[in-house]
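Since we're looking at a predicted model, the values are computed, not measured. Below, read A as the first sequence line, B as the second, and so on, with proteins coming before strands; counting in each chain starts at 1.
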2 protein chains.
Amino acid sequence: MPTYNVAPLSRLIEQFERLPGIGHKSAQRLAYYVLGLSKEEAQSFSDAIMDAHEKIHYCKECCNLTDQELCPICRNETRDQSIICVVEDPRDVIALERTNEFNATYHVLHGTISPLNGIGPDQLCIKELLARVNDGKVKEVIMATNPTVEGEATAMYISRLLKPLGVKVTRLAYGIPVGGDLEYADEVTLSRAIEGRSEI
Amino acid sequence: MPTYNVAPLSRLIEQFERLPGIGHKSAQRLAYYVLGLSKEEAQSFSDAIMDAHEKIHYCKECCNLTDQELCPICRNETRDQSIICVVEDPRDVIALERTNEFNATYHVLHGTISPLNGIGPDQLCIKELLARVNDGKVKEVIMATNPTVEGEATAMYISRLLKPLGVKVTRLAYGIPVGGDLEYADEVTLSRAIEGRSEI
(Lines give C-alpha, C1' and ligand atoms only; values in the text may rest on other atoms or scores of the structure.)
Protein backbone atom coordinates (compact mmCIF):
# COMPACT_ATOMS: atom_id res chain seq x y z
CA MET A 1 0.00 0.00 0.00
CA PRO A 2 1.64 3.31 -1.00
CA THR A 3 2.56 5.69 1.79
CA TYR A 4 0.37 8.55 0.57
CA ASN A 5 -2.70 6.43 1.26
CA VAL A 6 -4.58 7.06 4.47
CA ALA A 7 -4.92 4.10 6.84
CA PRO A 8 -8.70 4.27 7.54
CA LEU A 9 -9.33 4.73 3.81
CA SER A 10 -7.08 1.81 2.85
CA ARG A 11 -8.87 -0.36 5.37
CA LEU A 12 -12.24 0.56 3.89
CA ILE A 13 -10.97 -0.13 0.37
CA GLU A 14 -9.67 -3.52 1.52
CA GLN A 15 -13.06 -4.35 3.03
CA PHE A 16 -14.86 -3.53 -0.21
CA GLU A 17 -12.26 -5.45 -2.20
CA ARG A 18 -13.15 -8.65 -0.35
CA LEU A 19 -16.74 -8.53 -1.61
CA PRO A 20 -17.50 -10.81 -4.57
CA GLY A 21 -17.16 -9.18 -7.98
CA ILE A 22 -15.49 -6.03 -6.62
CA GLY A 23 -11.95 -5.35 -7.88
CA HIS A 24 -9.46 -2.81 -6.58
CA LYS A 25 -10.67 0.06 -8.76
CA SER A 26 -14.33 -0.48 -7.88
CA ALA A 27 -13.43 -0.83 -4.20
CA GLN A 28 -11.65 2.52 -4.38
CA ARG A 29 -14.65 4.09 -6.05
CA LEU A 30 -17.04 2.70 -3.43
CA ALA A 31 -14.80 3.82 -0.56
CA TYR A 32 -14.58 7.37 -1.89
CA TYR A 33 -18.34 7.35 -2.32
CA VAL A 34 -18.81 6.30 1.30
CA LEU A 35 -16.51 9.14 2.39
CA GLY A 36 -18.79 11.53 0.55
CA LEU A 37 -21.90 10.35 2.44
CA SER A 38 -23.34 12.39 5.26
CA LYS A 39 -22.63 11.17 8.79
CA GLU A 40 -26.19 9.80 9.16
CA GLU A 41 -25.98 7.93 5.86
CA ALA A 42 -22.65 6.36 6.78
CA GLN A 43 -24.03 5.42 10.17
CA SER A 44 -27.08 3.75 8.68
CA PHE A 45 -24.90 1.84 6.20
CA SER A 46 -22.66 0.67 9.00
CA ASP A 47 -25.67 -0.23 11.17
CA ALA A 48 -27.38 -2.11 8.33
CA ILE A 49 -24.40 -4.47 8.12
CA MET A 50 -24.40 -5.30 11.83
CA ASP A 51 -28.17 -5.35 12.01
CA ALA A 52 -28.53 -7.85 9.22
CA HIS A 53 -25.76 -9.90 10.72
CA GLU A 54 -27.20 -9.97 14.22
CA LYS A 55 -30.90 -10.29 13.56
CA ILE A 56 -31.03 -12.70 10.65
CA HIS A 57 -30.95 -16.44 11.29
CA TYR A 58 -32.50 -19.60 9.87
CA CYS A 59 -36.28 -20.17 10.02
CA LYS A 60 -36.96 -22.98 12.51
CA GLU A 61 -39.10 -24.76 9.95
CA CYS A 62 -37.63 -24.26 6.48
CA CYS A 63 -34.10 -22.90 7.15
CA ASN A 64 -34.78 -19.83 5.00
CA LEU A 65 -33.41 -16.53 6.34
CA THR A 66 -35.64 -14.63 8.73
CA ASP A 67 -35.48 -12.22 11.63
CA GLN A 68 -38.27 -14.01 13.51
CA GLU A 69 -38.82 -17.57 14.67
CA LEU A 70 -40.63 -18.56 11.48
CA CYS A 71 -40.20 -16.97 8.07
CA PRO A 72 -43.21 -15.18 6.50
CA ILE A 73 -43.88 -18.15 4.19
CA CYS A 74 -43.99 -20.72 7.02
CA ARG A 75 -46.17 -18.34 9.10
CA ASN A 76 -48.63 -17.94 6.24
CA GLU A 77 -51.52 -20.35 6.93
CA THR A 78 -53.01 -20.06 3.44
CA ARG A 79 -49.97 -21.85 2.06
CA ASP A 80 -50.14 -25.54 1.28
CA GLN A 81 -48.01 -27.14 4.00
CA SER A 82 -48.18 -30.56 2.34
CA ILE A 83 -45.84 -29.64 -0.53
CA ILE A 84 -42.20 -28.68 0.07
CA CYS A 85 -39.99 -27.25 -2.64
CA VAL A 86 -36.31 -27.93 -1.84
CA VAL A 87 -33.88 -25.24 -3.07
CA GLU A 88 -30.17 -24.60 -2.64
CA ASP A 89 -30.20 -20.97 -1.67
CA PRO A 90 -32.49 -18.28 -0.19
CA ARG A 91 -32.23 -16.41 -3.50
CA ASP A 92 -33.88 -19.36 -5.26
CA VAL A 93 -36.92 -18.83 -3.01
CA ILE A 94 -37.12 -15.22 -4.19
CA ALA A 95 -36.86 -16.37 -7.83
CA LEU A 96 -39.62 -18.97 -7.41
CA GLU A 97 -41.84 -16.53 -5.51
CA ARG A 98 -41.59 -14.15 -8.44
CA THR A 99 -43.61 -16.61 -10.53
CA ASN A 100 -46.61 -15.87 -8.24
CA GLU A 101 -47.81 -19.39 -8.96
CA PHE A 102 -46.31 -21.52 -6.27
CA ASN A 103 -48.37 -21.50 -3.10
CA ALA A 104 -46.68 -24.18 -1.02
CA THR A 105 -43.65 -24.07 1.27
CA TYR A 106 -39.91 -24.22 0.72
CA HIS A 107 -36.91 -25.82 2.31
CA VAL A 108 -33.51 -24.16 1.89
CA LEU A 109 -30.48 -26.48 1.93
CA HIS A 110 -27.84 -23.68 1.98
CA GLY A 111 -25.59 -25.37 -0.54
CA THR A 112 -25.10 -28.63 -2.37
CA ILE A 113 -23.17 -31.76 -1.56
CA SER A 114 -19.73 -31.10 -3.00
CA PRO A 115 -16.97 -33.41 -1.78
CA LEU A 116 -14.36 -31.39 -3.73
CA ASN A 117 -15.14 -28.35 -1.60
CA GLY A 118 -15.42 -30.46 1.55
CA ILE A 119 -19.19 -30.02 1.85
CA GLY A 120 -20.97 -33.20 2.93
CA PRO A 121 -24.67 -33.82 3.67
CA ASP A 122 -24.16 -32.91 7.34
CA GLN A 123 -23.31 -29.30 6.51
CA LEU A 124 -26.61 -28.82 4.68
CA CYS A 125 -30.09 -28.47 6.20
CA ILE A 126 -31.06 -32.02 5.25
CA LYS A 127 -31.94 -33.39 8.67
CA GLU A 128 -34.38 -30.51 9.19
CA LEU A 129 -36.07 -31.53 5.93
CA LEU A 130 -36.29 -35.17 7.04
CA ALA A 131 -37.79 -34.06 10.36
CA ARG A 132 -40.48 -32.09 8.51
CA VAL A 133 -41.32 -35.03 6.26
CA ASN A 134 -41.32 -37.41 9.23
CA ASP A 135 -44.09 -35.33 10.78
CA GLY A 136 -46.41 -37.02 8.28
CA LYS A 137 -48.17 -33.92 6.95
CA VAL A 138 -46.06 -33.72 3.80
CA LYS A 139 -47.32 -35.39 0.61
CA GLU A 140 -44.86 -34.18 -2.00
CA VAL A 141 -41.29 -32.90 -2.09
CA ILE A 142 -40.24 -31.04 -5.24
CA MET A 143 -36.47 -31.08 -5.78
CA ALA A 144 -35.58 -27.65 -7.19
CA THR A 145 -31.80 -27.72 -6.88
CA ASN A 146 -29.83 -26.28 -9.79
CA PRO A 147 -29.37 -28.51 -12.85
CA THR A 148 -25.63 -28.81 -12.21
CA VAL A 149 -23.64 -31.92 -11.31
CA GLU A 150 -23.70 -31.03 -7.61
CA GLY A 151 -27.35 -29.99 -7.69
CA GLU A 152 -28.33 -33.26 -9.37
CA ALA A 153 -26.28 -35.34 -6.97
CA THR A 154 -27.81 -33.59 -3.99
CA ALA A 155 -31.32 -34.09 -5.39
CA MET A 156 -30.60 -37.80 -5.93
CA TYR A 157 -29.15 -38.19 -2.44
CA ILE A 158 -32.12 -36.53 -0.77
CA SER A 159 -34.70 -38.37 -2.86
CA ARG A 160 -33.17 -41.69 -1.74
CA LEU A 161 -33.55 -40.63 1.88
CA LEU A 162 -37.13 -39.49 1.33
CA LYS A 163 -38.58 -42.40 -0.63
CA PRO A 164 -38.63 -44.86 2.30
CA LEU A 165 -40.78 -42.30 4.16
CA GLY A 166 -43.55 -42.85 1.60
CA VAL A 167 -43.54 -39.37 0.18
CA LYS A 168 -43.80 -38.42 -3.49
CA VAL A 169 -40.53 -36.90 -4.75
CA THR A 170 -40.56 -34.85 -7.97
CA ARG A 171 -38.04 -32.81 -9.92
CA LEU A 172 -38.43 -29.51 -11.81
CA ALA A 173 -38.88 -30.01 -15.58
CA TYR A 174 -35.86 -29.67 -17.86
CA GLY A 175 -36.22 -28.12 -21.29
CA ILE A 176 -35.53 -25.11 -23.44
CA PRO A 177 -36.08 -21.82 -21.58
CA VAL A 178 -39.02 -19.72 -22.78
CA GLY A 179 -37.77 -17.10 -25.24
CA GLY A 180 -34.64 -19.20 -25.81
CA ASP A 181 -33.26 -20.30 -29.14
CA LEU A 182 -33.10 -23.96 -30.21
CA GLU A 183 -29.99 -23.19 -32.22
CA TYR A 184 -28.09 -22.15 -29.13
CA ALA A 185 -29.47 -24.77 -26.74
CA ASP A 186 -26.88 -27.36 -25.70
CA GLU A 187 -27.28 -31.07 -26.51
CA VAL A 188 -28.11 -32.18 -22.97
CA THR A 189 -30.87 -29.59 -22.58
CA LEU A 190 -32.30 -30.50 -25.98
CA SER A 191 -32.33 -34.24 -25.31
CA ARG A 192 -33.98 -33.60 -21.93
CA ALA A 193 -36.55 -31.39 -23.71
CA ILE A 194 -37.31 -34.22 -26.16
CA GLU A 195 -37.55 -36.75 -23.32
CA GLY A 196 -39.96 -34.56 -21.42
CA ARG A 197 -42.15 -33.60 -24.40
CA SER A 198 -45.89 -33.29 -23.82
CA GLU A 199 -48.97 -33.44 -26.03
CA ILE A 200 -50.47 -30.13 -27.20
CA MET B 1 -40.43 -4.96 -1.43
CA PRO B 2 -42.05 -8.42 -1.39
CA THR B 3 -43.34 -9.71 1.93
CA TYR B 4 -41.12 -12.79 2.03
CA ASN B 5 -38.09 -10.53 2.30
CA VAL B 6 -36.62 -9.93 5.73
CA ALA B 7 -36.49 -6.31 6.89
CA PRO B 8 -32.82 -6.14 8.03
CA LEU B 9 -31.76 -7.90 4.82
CA SER B 10 -33.80 -5.57 2.60
CA ARG B 11 -32.27 -2.60 4.36
CA LEU B 12 -28.77 -3.93 3.72
CA ILE B 13 -29.60 -4.58 0.06
CA GLU B 14 -30.94 -1.03 -0.24
CA GLN B 15 -27.75 0.36 1.25
CA PHE B 16 -25.59 -1.53 -1.25
CA GLU B 17 -27.89 -0.51 -4.08
CA ARG B 18 -27.14 3.15 -3.39
CA LEU B 19 -23.45 2.67 -4.11
CA PRO B 20 -22.29 3.75 -7.57
CA GLY B 21 -22.28 0.98 -10.18
CA ILE B 22 -24.16 -1.51 -7.99
CA GLY B 23 -27.54 -2.66 -9.33
CA HIS B 24 -30.22 -4.62 -7.49
CA LYS B 25 -28.81 -8.06 -8.35
CA SER B 26 -25.28 -7.15 -7.28
CA ALA B 27 -26.59 -5.52 -4.12
CA GLN B 28 -28.43 -8.75 -3.29
CA ARG B 29 -25.28 -10.76 -3.92
CA LEU B 30 -23.18 -8.46 -1.71
CA ALA B 31 -25.77 -8.52 1.08
CA TYR B 32 -25.91 -12.33 1.11
CA TYR B 33 -22.12 -12.37 1.14
CA VAL B 34 -22.06 -10.08 4.17
CA LEU B 35 -24.54 -12.38 5.92
CA GLY B 36 -22.11 -15.23 5.37
CA LEU B 37 -19.23 -13.37 7.07
CA SER B 38 -18.20 -14.22 10.59
CA LYS B 39 -19.30 -11.82 13.32
CA GLU B 40 -15.79 -10.32 13.60
CA GLU B 41 -15.54 -9.78 9.85
CA ALA B 42 -18.92 -8.05 9.71
CA GLN B 43 -17.93 -5.92 12.68
CA SER B 44 -14.68 -4.84 11.06
CA PHE B 45 -16.50 -4.00 7.81
CA SER B 46 -19.04 -1.96 9.72
CA ASP B 47 -16.29 -0.26 11.75
CA ALA B 48 -14.21 0.50 8.67
CA ILE B 49 -17.08 2.55 7.26
CA MET B 50 -17.52 4.66 10.38
CA ASP B 51 -13.81 4.88 10.98
CA ALA B 52 -13.05 6.21 7.54
CA HIS B 53 -15.93 8.59 7.85
CA GLU B 54 -14.95 9.96 11.22
CA LYS B 55 -11.17 10.11 10.94
CA ILE B 56 -10.65 11.29 7.39
CA HIS B 57 -10.77 15.00 6.63
CA TYR B 58 -9.02 17.46 4.34
CA CYS B 59 -5.29 18.16 4.73
CA LYS B 60 -4.85 21.70 6.10
CA GLU B 61 -2.42 22.50 3.33
CA CYS B 62 -3.46 20.74 0.12
CA CYS B 63 -7.06 19.57 0.82
CA ASN B 64 -6.16 15.96 0.03
CA LEU B 65 -7.74 13.35 2.30
CA THR B 66 -5.84 12.50 5.46
CA ASP B 67 -6.38 11.31 9.00
CA GLN B 68 -3.82 13.75 10.41
CA GLU B 69 -3.37 17.50 10.26
CA LEU B 70 -1.16 17.31 7.17
CA CYS B 71 -1.21 14.59 4.53
CA PRO B 72 1.93 12.45 4.07
CA ILE B 73 2.92 14.40 0.95
CA CYS B 74 2.71 17.81 2.65
CA ARG B 75 4.59 16.42 5.69
CA ASN B 76 7.38 15.10 3.47
CA GLU B 77 10.17 17.69 3.58
CA THR B 78 12.06 16.23 0.63
CA ARG B 79 9.24 17.32 -1.64
CA ASP B 80 9.56 20.48 -3.66
CA GLN B 81 7.13 22.88 -2.01
CA SER B 82 7.55 25.47 -4.75
CA ILE B 83 5.57 23.50 -7.33
CA ILE B 84 1.88 22.69 -6.86
CA CYS B 85 -0.01 20.31 -9.09
CA VAL B 86 -3.74 21.11 -9.03
CA VAL B 87 -6.04 18.09 -9.49
CA GLU B 88 -9.78 17.52 -9.30
CA ASP B 89 -9.91 14.48 -7.07
CA PRO B 90 -7.85 12.58 -4.47
CA ARG B 91 -7.74 9.63 -6.88
CA ASP B 92 -5.87 11.82 -9.38
CA VAL B 93 -3.12 12.23 -6.77
CA ILE B 94 -2.81 8.45 -6.53
CA ALA B 95 -2.64 8.20 -10.34
CA LEU B 96 0.09 10.86 -10.57
CA GLU B 97 2.04 9.34 -7.67
CA ARG B 98 2.11 6.06 -9.56
CA THR B 99 4.41 7.68 -12.14
CA ASN B 100 7.09 7.90 -9.41
CA GLU B 101 8.42 10.97 -11.19
CA PHE B 102 6.64 13.88 -9.65
CA ASN B 103 8.29 15.08 -6.48
CA ALA B 104 6.41 18.28 -5.71
CA THR B 105 3.11 18.89 -3.90
CA TYR B 106 -0.53 18.69 -4.90
CA HIS B 107 -3.68 20.65 -4.38
CA VAL B 108 -7.03 18.85 -4.55
CA LEU B 109 -10.01 20.92 -5.72
CA HIS B 110 -12.65 18.26 -4.96
CA GLY B 111 -14.57 18.84 -8.15
CA THR B 112 -14.80 21.21 -11.07
CA ILE B 113 -16.78 24.35 -11.69
CA SER B 114 -20.02 23.10 -13.18
CA PRO B 115 -22.89 25.60 -13.22
CA LEU B 116 -25.26 22.93 -14.60
CA ASN B 117 -24.78 20.90 -11.42
CA GLY B 118 -24.87 24.00 -9.26
CA ILE B 119 -21.17 23.84 -8.37
CA GLY B 120 -19.52 27.23 -8.31
CA PRO B 121 -15.92 28.22 -7.43
CA ASP B 122 -16.89 28.68 -3.77
CA GLN B 123 -17.65 24.98 -3.33
CA LEU B 124 -14.16 23.99 -4.47
CA CYS B 125 -10.90 24.30 -2.53
CA ILE B 126 -9.78 27.31 -4.58
CA LYS B 127 -9.31 29.85 -1.81
CA GLU B 128 -6.98 27.44 0.00
CA LEU B 129 -4.88 27.27 -3.18
CA LEU B 130 -4.77 31.07 -3.45
CA ALA B 131 -3.70 31.29 0.19
CA ARG B 132 -0.83 28.88 -0.48
CA VAL B 133 0.31 30.84 -3.54
CA ASN B 134 -0.02 34.13 -1.66
CA ASP B 135 2.51 32.83 0.85
CA GLY B 136 5.13 33.58 -1.79
CA LYS B 137 7.02 30.28 -1.70
CA VAL B 138 5.30 28.87 -4.78
CA LYS B 139 6.97 29.30 -8.17
CA GLU B 140 4.83 27.16 -10.45
CA VAL B 141 1.27 25.81 -10.48
CA ILE B 142 0.60 22.91 -12.84
CA MET B 143 -3.07 22.64 -13.80
CA ALA B 144 -3.83 18.90 -13.97
CA THR B 145 -7.62 18.94 -14.15
CA ASN B 146 -9.23 16.47 -16.56
CA PRO B 147 -9.28 17.46 -20.26
CA THR B 148 -13.09 17.84 -20.21
CA VAL B 149 -15.14 20.98 -20.74
CA GLU B 150 -15.55 21.48 -16.98
CA GLY B 151 -11.92 20.63 -16.26
CA GLU B 152 -10.69 23.10 -18.87
CA ALA B 153 -13.01 25.84 -17.65
CA THR B 154 -11.85 25.33 -14.08
CA ALA B 155 -8.20 25.42 -15.14
CA MET B 156 -8.80 28.67 -17.05
CA TYR B 157 -10.67 30.22 -14.15
CA ILE B 158 -7.94 29.38 -11.65
CA SER B 159 -5.11 30.43 -13.94
CA ARG B 160 -6.73 33.87 -14.29
CA LEU B 161 -6.82 34.20 -10.52
CA LEU B 162 -3.19 33.07 -10.19
CA LYS B 163 -1.50 35.12 -12.90
CA PRO B 164 -1.79 38.49 -11.07
CA LEU B 165 0.08 36.83 -8.18
CA GLY B 166 3.16 36.53 -10.41
CA VAL B 167 3.30 32.74 -10.44
CA LYS B 168 4.01 30.54 -13.48
CA VAL B 169 0.90 28.57 -14.46
CA THR B 170 1.29 25.50 -16.70
CA ARG B 171 -1.00 22.82 -18.07
CA LEU B 172 -0.40 19.08 -18.57
CA ALA B 173 0.50 18.21 -22.17
CA TYR B 174 -2.20 16.97 -24.50
CA GLY B 175 -1.44 14.30 -27.07
CA ILE B 176 -1.89 10.71 -28.08
CA PRO B 177 -1.65 8.35 -25.11
CA VAL B 178 1.41 6.08 -25.08
CA GLY B 179 0.48 2.71 -26.57
CA GLY B 180 -2.53 4.31 -28.25
CA ASP B 181 -3.42 4.09 -31.91
CA LEU B 182 -3.42 7.12 -34.25
CA GLU B 183 -6.26 5.54 -36.19
CA TYR B 184 -8.55 5.62 -33.16
CA ALA B 185 -7.49 8.98 -31.73
CA ASP B 186 -10.16 11.68 -32.03
CA GLU B 187 -9.60 14.85 -34.08
CA VAL B 188 -9.22 17.20 -31.12
CA THR B 189 -6.58 15.03 -29.48
CA LEU B 190 -4.72 14.69 -32.77
CA SER B 191 -4.73 18.41 -33.51
CA ARG B 192 -3.53 19.09 -29.95
CA ALA B 193 -0.78 16.50 -30.49
CA ILE B 194 0.32 18.28 -33.68
CA GLU B 195 0.24 21.66 -31.94
CA GLY B 196 2.35 20.39 -29.06
CA ARG B 197 4.90 18.52 -31.23
CA SER B 198 8.50 18.61 -30.13
CA GLU B 199 11.85 18.09 -31.84
CA ILE B 200 13.47 14.66 -31.55
Side-chain angles (χ1 to χ4, degrees), chain A residues 2-16 18-22 25-26 28-39 41-57 59 64-68 71-73 76 89-91 93-94 97-98 106 110, chain B residues 2-16 18-22 25-26 28-39 41-57 59 64-68 71-73 76 89-91 93-94 97-98 106 110:
Chain A
T3 52
Y4 49 86
N5 249 338
V6 193
L9 183 60
S10 314
R11 272 200 299 274
L12 184 58
I13 294 176
E14 263 168 47
Q15 289 289 346
F16 275 120
R18 292 165 59 182
L19 299 178
I22 307 280
K25 274 270 168 190
S26 310
Q28 234 177 34
R29 195 167 160 225
L30 297 180
Y32 278 103
Y33 177 82
V34 167
L35 281 184
L37 293 176
S38 75
K39 185 155 196 275
E41 287 170 325
Q43 185 72 58
S44 67
F45 188 9
S46 165
D47 288 349
I49 291 172
M50 286 318 290
D51 229 45
H53 216 266
E54 277 162 12
K55 293 192 186 149
I56 293 179
H57 47 78
C59 166
N64 197 355
L65 300 172
T66 179
D67 54 348
Q68 294 174 41
C71 74
I73 294 175
N76 188 339
D89 195 278
R91 273 165 287 189
V93 174
I94 300 177
E97 281 294 287
R98 263 204 302 269
Y106 295 93
H110 292 282
Chain B
T3 52
Y4 49 85
N5 248 337
V6 193
L9 183 60
S10 315
R11 272 201 298 274
L12 185 58
I13 294 176
E14 265 167 48
Q15 289 289 348
F16 275 120
R18 293 165 59 183
L19 299 178
I22 307 280
K25 274 270 169 190
S26 311
Q28 232 176 36
R29 194 165 160 224
L30 297 179
Y32 278 104
Y33 177 83
V34 167
L35 282 184
L37 293 176
S38 75
K39 189 159 192 276
E41 287 170 324
Q43 186 72 56
S44 65
F45 188 9
S46 166
D47 289 347
I49 291 173
M50 286 318 288
D51 230 42
H53 215 267
E54 277 163 15
K55 293 194 187 146
I56 293 179
H57 47 79
C59 166
N64 197 356
L65 300 173
T66 180
D67 54 349
Q68 294 175 41
C71 74
I73 294 174
N76 188 339
D89 196 278
R91 272 165 287 187
V93 174
I94 300 178
E97 282 294 289
R98 263 204 302 268
Y106 295 93
H110 292 282

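Chosen from B/Arg11, B/Glu54, B/Gln43, B/Gln68, the residue pairing most often with chain A at heavy-atom distances under 4.5 Å is B/Gln43. Residue with the most contacts toward chain A among B/Ile22, B/Asp89, B/Thr66, B/Ile56: B/Ile56 (heavy-atom pairs, distance under 4.5 Å). By number of non-hydrogen pairs under 4.5 angstrom with chain A, the leading residue of B/Gly21, B/Ala42, B/Ala48, B/Ser46 is B/Ser46. The candidate with the highest count of non-hydrogen atom pairs below 4.5 Å against chain A, out of B/Cys71, B/Gly36, B/Ser44, is B/Ser44. In terms of non-hydrogen atom pairs under 4.5 Å with chain A, the most contact-rich of B/Lys55, B/Arg18, B/His110 is B/Arg18.
For B/Asn76, the side chain to side chain donor-acceptor pair (under 3.5 Å) test picks out B/Thr78, with sequence neighbours left out.
Annotation: side chain of A/Leu65 is not in contact with side chain of A/Val93 (no heavy-atom distance under 4.5 Å). Between A/Phe16 and A/Arg29 the shortest side-chain heavy-atom distance does not fall below 4.5 Å. For the pair B/Leu12 and A/Asp51, the minimum side-chain heavy-atom distance is 4.5 Å or more.
In this structure, A/Leu35 and B/His53 approach most closely via the heavy-atom pair O-NE2, 3.6 Å. B/Ala31 approaches B/Leu9 most closely through the heavy-atom pair CB-CD1, 4.1 Å.
Heavy-atom distances place no part of B/Ser26 under 4.5 Å from chain A, backbone and side chain included. Residue B/Leu19 touches chain A through both its backbone and its side chain, counting heavy-atom pairs closer than 4.5 Å. Looking at B/Leu37, the atoms closer than 4.5 Å to chain A (heavy atoms on both sides) sit in the backbone and in the side chain alike. Using a 4.5 Å cut-off between heavy atoms, B/Phe45 contacts chain A through both its backbone and its side chain.
Atom CE in B/Met50 sits 11.0 Å away from atom CD1 in A/Ile49 (nearest 0.5 Å).
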